[in-house]
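Here is the structure we will look at, set down as structure tokens.
Here is how names work: the chains are called A, B, and so on, in the same order as the sequence lines, proteins then strands, and each is numbered from 1.
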Amino acid sequence: MQVATPIASVLLTMLLGAIIFELIGFDGPHAIYETFITPIVTSYKWQDVLTKAAPLIIIALGLSLGNQAKIWNIGAEGQYIIGALAGAGVAFFLPTAPGFLIIPLMIAAGVLGGMAWAAIPAWLKTRYNVSEVLSSLMLVYVALQVLNYLIGGPWKDPNGHNFPQTPPLTPAESLPNALPGTVIPPGFVVAVVLTLVFWLLTSRSVYGFSVRTVGAAPSAARYGGFDASRTVWSTLLISGGMAGLAGILEAMSQLGQINLGFPSGYGFTAIIVSFLGRLHPVGVFLAGLILAVTYVGGQVAQTVVHVPNATAGIFQATMLFFILASDILVRYRVRIIREAPRPKAATAEASA
Amino acid sequence: MSLAFIIDALVTVVGVTTPILLAATGELVVEKSGVLNLGIEGMMLIGAVTGFAVAFNYGPDLGDWAPWVAVLGAAVAGVVSSMLFAVLALSLGSNQVATGLALTIFGIGLSSLIGAGYVGMTVPSFDSVFPDWLAGDPFWRVLFGYSPLVYFALIMVFAVGWFLNRTRAGLVLRAVGENDNSAHSIGYPVIPIRYAAIAFGGALAGIAGSYFSMVITPMWAEQMTAGRGWIALALVVFSGWRAGRLLAGAYFFGILMTLELYAKASGFSFLPSQFWAAMPYIMAVVVLAVISARGVTGSEAPACLGRPFMPNA
Amino acid sequence: MTLLTRRNFMRTTAAGLALPALGRNAFAAEPLKVGFVYLGAIGDYGWTWSHEQGRKELLKALNGQVAADYVENVKEDASAIPVMKDLAQQGHKLIFTTSYGYMDQTIEAAKQFPDVKWEHCTGYKHADNVGTYNSRFYQGRAVCGTIAGMMTKTNTIGFLGSFKIPEVVMGVNAFTLAAQAVNPKITTKLVMIDTWFDPAKEAAAADTLANLGCDVIAQHVDSPATLQVCEKRKIYGFGYGADMSRFAPHAHLTASLDLWGPYYISRAKAMLDGSWKPDDAWWGMKEGILGMAPYNKVVPENVRAAADKIIAGTKDGSYDVFTGPIKDQSGKGCDSTRCGVSFVGGDLGGRS
């Protein structure tokens with residue numbers, strides 16, 4: 001059931017999508033085909049899919065860890081932005097540092113930036129018992145304003161004709177779009193590696209066990225000596241760091257410049273990825289690929305079938321709806337009972 | 001600073017504040033019942049596009065009644081979309097945070113899809129129903145010059161405040177939000193009450209959305225609510241889940257937003273505009289910390305906020 | 001089965017298009033495929049709408065010789081690159097990217113498709129196969145400024161912009177200078193709302209300008225919200241990019257119209273006869289890509305005459321709003337309420 005429900009969700013979404021589009025007046029099956037199938041079968045689209053999947057997977061891996069502990073980091077988008085800004089900031093302060101030095105520094109800064117932004121909700125939760133859902137969410141919008149301020153003010157590109165954007169990163173400060181000779185983006189390699197790391201972490205380490213226990217049975221966790229506070233801190237910092245990592249990788253390997261269009265909503269989509277992947281690293285990896293397909297496919301469908309590009313969002317949300325609905329099938333077993341047992345037994349006994 | 005200037009500024013503030021007030025009032029009721037619905041932005045957009053579509057398609061037939069019917073349509077659309085959330089979160093016990101987010105993403109996409117054919121169109125603005133000599137008067141317009149939705153918002157927030165604090169039904173709702181298991185054992189129908197609360201929240205969110213597409217700028221554009229749903233959420237938090245503070249907080253936010261524009265137009269900018277734009281959210285976080293730390297009763301988050309109802313029986 | 005046929009069709013087409021364009025002599029007989037990348041929705045009655053009208057004119061004028069497709073709502077971030085690559089993959093040989101924020105993406109896509117000719121609107125980066133094109137929007141502002149100066153009763157006119165980028169600044173300055181030329185007493189109140197799109201905020205900002213005494217408002221944002229406010233407040237306004245009188249029948253005095261048709265037709269013709277070269281085109285009223293909407297009936301005869309004189313002078317080159325005793329401050333923004341003194345030099349057209 002754990003594996004069947006995500007697959008079923010995707011298939012149901014495709015079916016429902018085809019029907020809805022037909023009703024609205026578009027070529028339903030064609031739109032679904034373009035959205036879900038074309039990116040998989042068209043080789044020149046693979047790089048786009050992998051490029052899109054990388055940040056989703058990286059962020060969702062971090063989120064899933066916290067989600068297992070029932071700690072909901074909704075602010076990944078904000079941590080993504082701050083991480084990217086932190087990494088870019090390092091690049092701007094050290095413009096002449098050589099590539100092999102600056103790149104690790106930028107990545108480290110990105111991770112630390114994301115962690116720092118996630119530390120705020122962590123502190124608020126452990127110190128003041130503030131819901132991390134609300135605090136991390138509010139901080140997303142604060143992060144957006146920080147971004148707007150920096151790229152429109154102190155970090156504005158002097159050659160950018162006053163447009164709100166940072167100076168472009170130099171080649172020494174950037175990553176290639178794909179590893180030479182392949183279509184694989186460096187970010188995707190990171191995603192693969194991290195998937196393995198997280199898989200080992202969650203299934204084979206005491207830490208992973210403690211996280212799951214804190215989520216599943218808080219009292220048992222306390223009894224076992226797993227400190228809830230430390231779990232809050234560690235999971236939020238890890239997910240924040242992952243989001244920051246995704247942010248700086250995006251900034252370094254795509255356009256090399258941060259502008260108003262930088263916040264792409266990956267932080268929120270990663271939440272969908274995390275759920276669709278059932279909080280399991282391998283599931284998250286696959287779910288990330290599927291959602292990347294819908295992004296890429298949605299844009300292909302827009303070009304070919306002329307459906308509005310908002311449809312990618314509809315598909316993603318629908319998949320999430322289905323997976324959430326099916327959640328109950330995973331948590332409980334379905335048994336058909338006509339009525340409440342006791343009256344039935346009483347009736348049966350009475351009539352026997 | 002003449003009287004006319006103050007009146008003009010007030011009118012602008014009211015215009016800016018009303019949609020946030022409407023959406024936040026609805027969400028207040030939802031959260032008081034123990035449910036966290038993050039889908040406000042999506043419901044607002046669905047309401048906006050529905051209201052506009054109804055006004056556009058049936059306007060000529062309905063004449064003067066058109067805007068009222070359209071707002072009703074927006075409310076219904078809000079309720080229907082909230083039910084999507086409600087079924088998942090209440091009857092199927094799904095994670096409320098994820099479900100609400102899914103509703104927002106869905107609402108943004110669906111409204112864009114439905115609205116695609118309406119871009120570039122316009123409908124008559126849903127303006128004041130008071131006679132022109134009152135509504136247009138330079139002084140009296142501060143009271144009478146507004147769209148009916150403004151008065152509706154004010155009535156609603158007072159009604160909700162009265163309902164929550166002075167009626168038995170409101171008490172029951174608050175009880176459901178504070179301790180659902182106890183409420184259940186006393187015999188109160190927890191799930192139906194939460195359904196009703198969510199529906200109410202959906203209706204108000206839909207109406208709030210229609211304010212954008214029918215009053216402020218009578219047209220449809222994708223994502224035209226531009227994040228106001230999240231400000232409404234911040235407002236509920238900032239208000240400490242109390243209706244009176246909600247009203248004050250809403251106008252406070254509205255004044256902040258309007259001040260920012262005046263400052264820009266007059267050439268002042270002693271603090272970057274992004275600072276003011278971030279203010280509502282920063283303050284919401286600060287308030288959260290303060291009220292959670294002090295543990296002042298009546299001013300905390302409802303204890304069951306966000307937790308699915310699992311009857312012990 | 002239909003789906004199977006489509007899949008094969010897609011595969012073969014994709015494979016075929018991926019082949020290097022060898023021996024494509026027969027290509028000359030096929031219609032030239034032209035692609036358009038749009039920032040907004042074609043129905044927005046603003047920026048994108050006007051490009052779409054240009055595309056339609058192109059189809060009409062060169063019927064049979066060109067085929068033209070478009071993609072709308074393309075975000076100005078890295079995700080625009082796959083869209084551009086897709087268009088190139090699908091056989092489009094001339095592609096127009098219609099927003100400043102597509103600049104780096106166009107360059108990147110152009111690198112990967114050297115056989116395709118790219119034209120970037122309002123940008124400044126070039127390559128062997130990348131040209132730029134722009135319109136002298138300020139000419140329209142000069143006409144509007146003239147009308148505003150003559151029709152204002154409070155001697156306060158307003159301008160609602162988004163960011164302090166050169167285009168917007170030029171517009172404000174042209175507007176103000178032209179108004180001052182007919183009415184030395186006017187002052188311009190300026191609000192930059194730091195976003196391209198937020199109708200509610202535009203409306204509030206327009207309201208604010210009206211509260212501060214403006215009775216004629218010009219705008220450089222993406223929705224007709226400003227005009228709707230003008231209509232409500234019974235003051236005047238100007239449309240931008242398209243005739244927006246349907247949103248404000250009484251308030252809309254005129255609008256500057258972006259008429260991209262002639263440019264697109266000329267560039268397609270250049271492709272067809274092989275004379276295309278990367279250019280840095282800055283056309284205006286004279287070349288026919290900028291026009292004015294019909295005057296509102298409330299505009300009096302003398303005002304119309306004055307405006308018409310400006311138009312005629314612009315077209316024959318005898319009038320330029322940026323002349324006279326003004327200091328040259330290229331790139332400097334316009335902050336205070338009196339915008340008359342600073343101006344952006346004519347060499348801004350070269351983006352230097």
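For B/I231, no part lies under 4.5 angstrom from a heavy atom of chain A. Both the backbone and the side chain of A/L324 come within contact range of chain B, judged by heavy atoms closer than 4.5 Å. Only the side chain of B/A284 has a heavy atom closer than 4.5 Å to any heavy atom of chain A. Heavy-atom distances place the side chain of A/F275, and not its backbone, under 4.5 Å from chain B. For chain A, the nearby part of B/L36 is the side chain; its heavy atoms alone come within less than 4.5 Å. In this structure, the portions of B/L288 lying under 4.5 Å from any heavy atom of chain A include both its backbone and its side chain. Interface remark: B/S91 contributes backbone atoms only to the contact with chain A (heavy atom separation under 4.5 Å).
Comparing B/L305, B/I114, B/T104, B/L103 by heavy-atom pairs within less than 4.5 Å of chain A, the highest count is held by B/L103. Annotation: maximal heavy-atom pairing with chain B below 4.5 Å, among A/Y128, A/W72, A/Y141, occurs at A/Y141. Counting heavy-atom pairs closer than 4.5 Å to chain A, the top-ranked of the candidates B/G227, B/A89, B/S111, B/A102 is B/A102. Options A/L139, A/L147, A/L137 differ in how many heavy-atom pairs under 4.5 Å they form with chain B, and the most are formed by A/L137. Between chain B and the residues A/L124, A/L134, A/I120, A/T269, the largest count of heavy-atom pairs under 4.5 Å involves A/L134. For chain A, the option among B/A234, B/S112, B/A98 with the highest count of heavy-atom pairs below 4.5 Å is B/A98. Of the listed residues (B/A116, B/G42, B/A277, B/P280), the greatest number of heavy-atom pairs within a distance under 4.5 Å of chain A belongs to B/A277. Of the listed residues B/V87, B/L233, B/I105, the one with more heavy-atom pairs under 4.5 angstrom with chain A than any other is B/I105. In terms of heavy-atom pairs under 4.5 angstrom with chain B, the leader among A/I20, A/I271, A/V130 is A/V130. Chosen from B/L38, B/V285, B/L113, the residue pairing most often with chain A at heavy-atom distances under 4.5 Å is B/L113.
Side-chain contact of B/S213 with B/Y118: a donor-acceptor pair under 3.5 Å is absent, judged by distance alone. A/T126 and A/S229 form no side-chain donor-acceptor contact under 3.5 Å, judged by distance and modelled atom types alone. A/S64 and A/R278 share no donor-acceptor pair across their side chains, judged by distance under 3.5 Å alone. Neither side chain, A/T318 nor A/T13, offers a donor N or O lying under 3.5 Å from an acceptor on the other. No hydrogens or angles considered: a donor-acceptor pair under 3.5 Å links the side chains of B/W241 and B/E31.
Put simply, CZ on B/F106 and CG on B/L84 are 6.0 Å apart, with the number rounded to the nearest 0.5 Å.
Under a 3.5 Å cut-off, the side chain of A/S136 and the backbone N or O of A/G75 do form a donor-acceptor pair. Without hydrogens or angle criteria, B/E260 side chain to B/W276 main chain gives no donor-acceptor distance under 3.5 Å.
Under the ring pair (Phe, Tyr, Trp, His ring centres under 6.0 Å) test applied with A/F315, the options A/Y295, A/F322, A/F21 reduce to a single match, A/F21.
Atom CZ of A/F268 sits in a crowded spot, with more than 12 heavy atoms from other residues, nucleotides or ligands closer than 6.0 Å.
For B/F212 and B/F52, the ring centers sit 6.0 Å or farther from each other.
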